[in-house]
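Working notes, beginning with the structure itself.
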Protein chains: 2
Amino acid sequence: MMTTATPRPGGRSARVQQAVHQAVRSLLAENDGDRTALSVPLVADRAGVNSSTIYRRWGDLPRLLAAVASNQMLPEQVEDTGSLRGDMEAWFVPYVEEFSSPLGRQVLRDMLADGAVTRDYFQSMQGHVEEIRRLAGLRGERAPATSEIVDAVVAPVIYRILFNHESAAALEVQGRIERLLGERSKGPAET
Amino acid sequence: MMTTATPRPGGRSARVQQAVHQAVRSLLAENDGDRTALSVPLVADRAGVNSSTIYRRWGDLPRLLAAVASNQMLPEQVEDTGSLRGDMEAWFVPYVEEFSSPLGRQVLRDMLADGAVTRDYFQSMQGHVEEIRRLAGLRGERAPATSEIVDAVVAPVIYRILFNHESAAALEVQGRIERLLGERSKGPAET
DNA sequence: CCTCTTAATGCACAGATTGTGCGTTTGGAT
DNA sequence: ATCCAAACGCACAATCTGTGCATTAAGAGG
């Protein structure tokens, strides 16, 4: 159930982690994602723990922010809506809604600062895509390859959020999904 | 094309900037891109300037790193190789070679930490793509829309470098270019 | 060539942060 | 009930951060 790799997931350790994560989130929200307004002592104070705890557990403020970010950005679950297109929209649209906001972008940047965390996150995203494909397969639908879905939908959207600050509306997630899925049988795609 | 917004580009100011940039680059190279090994006083000392100069000009170590990164990653120029496909390869392959290395990834991450710098960089990339399309137009070749090129080639490659640490070979840049240009059914409707 | 103006830099320094040694507490196991 | 190792709090030296003030240098105009 718990994805905690810590040796003692149920005790004080978990409480401290939760308090620290919550402290980071609230401080970031208060300062509109401006991480110059954050410091280890500040977070520690807000969380009611000692600074040394943060240094030992996370080593670094950027790494703490990355950990919080990746934790915050993984709530979406794959659900069976009855069609491949529906599943993809139900899964990815909420992501984009959250990431494309100014604060969501900041959170995304925080995560990207840590290469290892970012890679784990990518694996998790890919796992979601594969689960969606599996569901489609059980239904008898033919789904594009995972790498195709990533290249055609996920990558352009995330790239444009990161590099060009595009809004959720401008990103046309549903149109991208439709174009990808319609390439085999359908004719022109209407917006 | 340097974005010289400084009022006095030819004098001491320029020398200081060059020295500081060079100091950052050499320190990053010596420590394999580990930015925990860097600090403002360290960079200042290496560059032979005072710490206060760095704080005033760049405000912050992350912002300095972002500035150095974006400056370091824009040397490629569009050249006319005689074909759209050749131009795109000549322009983008060297980029990928540099970005996909471990140190290149770090530099990319440093740039991404600064939203404004990253956006300017995106504009510059897009400008290169448009220049390539212009050359193709002069030749009478039909080129995909800029957004299509970005979505089909640039975004997936950069995304996979950032999130999955893929190597230049695994990214198959030439294959992506070829697949994009080989699609004749699509019409260049967007700008 | 000389003076003037102002942006950019150096210097000094108070305040804040970083990171570690050491003793104490906590929670699971025997 | 007792033990034990991991996690934590405390204290503190070293370092870093960021700003007021004096100084320097580049370019303009006489």
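Small disclaimer: the values here were computed from a predicted structure and weren't measured.
Between B:Arg109 and A:Thr118, the closest side-chain pair of non-hydrogen atoms falls below 4.5 Å. Put simply, the side chain of A:Asp151 reaches to within 4.5 Å of the side chain of B:Arg176, judged on heavy atoms.
Contact annotation for A:Ser52: base contact, defined as any heavy-atom pair under 4.0 Å involving a base atom. Across all strands, A:Thr53 comes closer than 4.0 Å only to sugar-phosphate atoms, never to a base (heavy-atom distances).
Closest to the side chain of A:Arg57, out of D:dA7, C:dT9, D:dG9, is D:dA7.
Across the protein-nucleic acid pair, B:Arg15 atom CZ and C:dT9 atom P stand 10 Å apart, rounded to whole Å. Atom pair B:Arg56:CZ and C:dG10:C1' shows a separation of 9 Å (rounding to whole Å applied). When the P atom of C:dT17 is taken as reference, atom CZ of A:Arg35 falls 17 Å away, rounded to whole Å. B:Tyr55 has its OH atom 17 Å from the P atom of C:dA12, to the nearest Å. Note: CH2 (B:Trp58) to C1' (D:dT17) measures 17 Å, nearest angstrom. Taking atom CG on A:Asn50 and atom C1' on C:dT17, their separation rounds to 13 Å, with Å as the unit. Separating the CG atom of A:Leu61 from the P atom of C:dG19 is a distance of 10 Å, rounded to the nearest angstrom. Put simply, CG on A:Leu42 is 10 Å from P on C:dT18, counting in whole angstrom units.
Take the nearest nucleotide of DNA chain C for B:Val49 and for A:Gly59: the residue whose nucleotide is more 5' is B:Val49.
Between the side chains of B:Arg46 and B:Gln22, not a single donor N or O lies within less than 3.5 Å of an accepting N or O.
Residue pairs meeting the side-chain hydrogen bond (donor to acceptor under 3.5 Å, both in side chains) criterion with at least one partner in residues 58-70 of chain B, sequence neighbours excluded, are absent.
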